[in-house]
Amino acid sequence: MADIKESIVCIFNEIKNELEDYYIFKEKMKVNDYLLKKFYKMWGKHIKASKFDYNSIALTFNKVYFWKNLLKSLIFFDIFYDLIGNSILDVGCGAAPASIAIAKLMKNRKREKLSFTLIDKSKNQISIAIDITQIMSIKVKSYIEDFFEMPYERYSELVIFSYFFCEQKSDFLEILFNNREKFSGGFVFIDYNDNIVKIEKYFRENGDNRIESVSLNYSVPSILSELIYDTEVNVHGCFYRP
């Protein structure tokens, strides 16, 4: 198990310092938060997102998982920063940890002219994402939309799909595969390993080998483990470049 790069720890702490006074992150963990964490650990990868009300648990979900998802995004996009073009479409963005991670990583590389579009079905998640990105002076466009119902013909942005997104429709893999040429800027999934394996397998079995997957395991230093409530982090992802 590898150690997290010191530069990633530094960026993570910079973000933490900027957001620590935001009301969600000022609250201490409560019983309900621990119960949610346990629930997700046991059943998370089996949840059908279309039947689960994320709007009602947005505050609790981000208190428990925002920092871990941020860390995973920092690790992934630090390694695969060459995937990032000039614009990001963050689908099922939640509180936008992926977009925030990219913005910070690119700022460190002196690339600040990026545009971000956030999409989520939950109005509470979008509201939190707007608050947080404003605090960090990250300009975003945001929409409360169902991605599956958006009539776009082509996506020039790098499209980032969130956890559970591939479980929203039973025929999601077929939809993704049949529309893969629309993603001219490519797409990324950071998800449970089971879902990543399914995506890669479906593409390869149907004759498209342009998809790549990665599985990374890191030990978490104590300075971060207090926030992510874990001593290790596993990053499972895949990306597609047409």
Side-chain angles (χ1 to χ4, degrees), residues 4-30 32-33 36-37 54-78 81 84-145 157-163 188 190 220-221 223-230 233 235:
I4 297 173
K5 287 169 58 176
E6 185 61 33
S7 59
I8 296 300
V9 175
C10 289
I11 293 172
F12 184 96
N13 281 323
E14 286 177 13
I15 298 170
K16 169 185 166 293
N17 291 337
E18 289 186 68
L19 297 180
E20 63 184 357
D21 288 331
Y22 188 61
Y23 74 104
I24 293 175
F25 306 130
K26 287 179 71 174
E27 292 184 3
K28 292 184 178 180
M29 289 275 281
K30 299 176 182 177
N32 286 346
D33 302 326
L36 180 73
K37 180 177 171 62
Y54 283 99
N55 202 54
S56 64
I57 64 162
L59 300 183
T60 299
F61 183 85
N62 286 305
K63 191 195 304 184
V64 177
Y65 285 106
F66 173 82
W67 297 113
K68 178 176 279 190
N69 290 338
L70 173 70
L71 183 59
K72 289 181 179 182
S73 295
L74 283 170
I75 291 169
F76 182 91
F77 287 108
D78 179 63
Y81 64 87
I84 302 168
N86 296 319
S87 54
I88 303 297
L89 178 59
D90 195 344
V91 178
C93 62
S99 290
I100 290 169
I102 289 172
K104 275 292 188 180
L105 286 166
M106 293 301 99
K107 185 176 181 180
N108 263 29
R109 289 179 168 85
K110 310 301 181 185
R111 280 186 57 196
E112 299 186 52
K113 293 183 179 179
L114 292 173
S115 66
F116 295 91
T117 302
L118 311 179
I119 298 174
D120 202 291
K121 290 195 297 185
S122 166
K123 64 180 181 180
N124 286 346
Q125 290 283 25
I126 285 290
S127 177
I128 293 167
I130 291 171
D131 285 349
I132 290 175
T133 51
Q134 284 181 343
I135 289 170
M136 300 188 65
S137 300
I138 301 170
K139 294 182 179 180
V140 301
K141 295 178 182 178
S142 61
Y143 301 94
I144 303 170
E145 298 279 359
E157 310 95 332
L158 173 66
V159 180
I160 303 169
F161 292 99
S162 73
Y163 274 84
V188 168
I190 300 176
V220 178
I223 193 171
L224 303 189
S225 62
E226 294 177 0
L227 275 178
I228 74 165
Y229 306 108
D230 218 332
V233 62
V235 183

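With contacts defined as side-chain heavy-atom distances shorter than 4.5 Å, the pair V140/Q134 does not qualify. Residues L227 and F12 are in side-chain contact: their nearest non-hydrogen atoms beyond the backbone lie under 4.5 Å apart. Taking 4.5 Å as the limit, every side-chain heavy atom of L89 sits out of range of all side-chain heavy atoms of I160. At least one side-chain heavy atom of K5 sits less than 4.5 Å from a side-chain heavy atom of D78. Contact annotation: the side chain of D120 never approaches that of Y143 to less than 4.5 Å [non-hydrogen atoms, C-beta and beyond]. K68 has its side chain out of reach of L224: every pair of non-hydrogen atoms, C-beta onward, lies at least 4.5 Å apart. In this structure the side chain of L105 reaches within 4.5 angstrom of the side chain of I8, judged on heavy atoms. Inter-residue side-chain proximity for I4 and L71 is flagged as met; some heavy-atom pair is nearer than 4.5 Å.
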Go through Y81 and R109 one step at a time and tell me if the side chain to side chain contact (heavy atoms under 4.5 Å, CB included) criterion holds. CA-CA 10 Å; Y81 64 87; R109 289 179 168 85; 3.4 Å; yes
Would you please test I88 and T117 for side chain to side chain contact (heavy atoms under 4.5 Å, CB included) and show each step? CA-CA 6 Å; I88 303 297; T117 302; over 6 Å; no
List the steps and the verdict of side chain to side chain contact (heavy atoms under 4.5 Å, CB included) for Y22 and I132. CA-CA 8 Å; Y22 188 61; I132 290 175; 4.1 Å; yes
Test side chain to side chain contact (heavy atoms under 4.5 Å, CB included) applied to N69 and I190, step by step: CA-CA 9 Å; N69 290 338; I190 300 176; over 6 Å; no
Take E157 and N86 through the test side chain to side chain donor-acceptor pair (under 3.5 Å) and record every step on the way to the result. CA-CA 7 Å; E157 310 95 332; N86 296 319; over 6 Å; no
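A salt bridge between E14 and K104 is present, with a side-chain N of the basic residue lying under 4.0 Å from a carboxylate O of the acidic one.
When every heavy atom of M136 is checked against every heavy atom of E18, the shortest pair comes out as CA-OE1, 3.7 Å. Residues I144 and K121 share a closest heavy-atom pair of CG2-O, 3.5 Å. Scanning both residues, V233 and V220, for their nearest heavy atoms gives N-CG2, 3.8 Å. Scanning both residues, Q125 and N62, for their nearest heavy atoms gives OE1-ND2, 2.7 Å. Here the shortest heavy-atom pairing between L114 and F116 reads CB-CE1, 3.8 Å. Pairing each heavy atom of I130 with each of T133, the nearest pair is O-OG1, 3.2 Å.
For the atom pair I126 CD1 and S122 OG, the distance stands at 8.0 Å (nearest 0.5 Å). Note that the CD1 atom of I11 and the CD atom of E6 stand 11.0 Å from one another [nearest 0.5 Å]. Atoms CD1 and NZ, on I228 and K72 in that order, are 8.5 Å from each other to the nearest 0.5 Å. Separation of atoms NZ (K113) and OG (S87) is listed at 15.0 Å; rounding is to 0.5 Å.
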All N/O donor-acceptor pairs, side-chain side in residues 93-102, below 3.5 Å, sequence neighbours left out:
| from | atom 1 | to | atom 2 | distance (Å) |
| --- | --- | --- | --- | --- |
| S99 | OG | D90 | OD2 | 2.8 |

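Other residues, nucleotides and ligands contribute more than 12 heavy atoms inside 6.0 Å of the CD1 atom of I135.
A donor-acceptor distance shorter than 3.5 angstrom exists from the side chain of N13 to the backbone of V9, with no hydrogens or angles considered.
Applying the side-chain contact (heavy atoms from CB on, under 4.5 Å) test to E226 and every residue at least two apart in sequence or in another chain returns nothing.
Remark: aromatic rings of Y229 and W67 are distant, center separation not under 6.0 Å. For F61 and Y65, the ring centers are positioned less than 6.0 Å apart.
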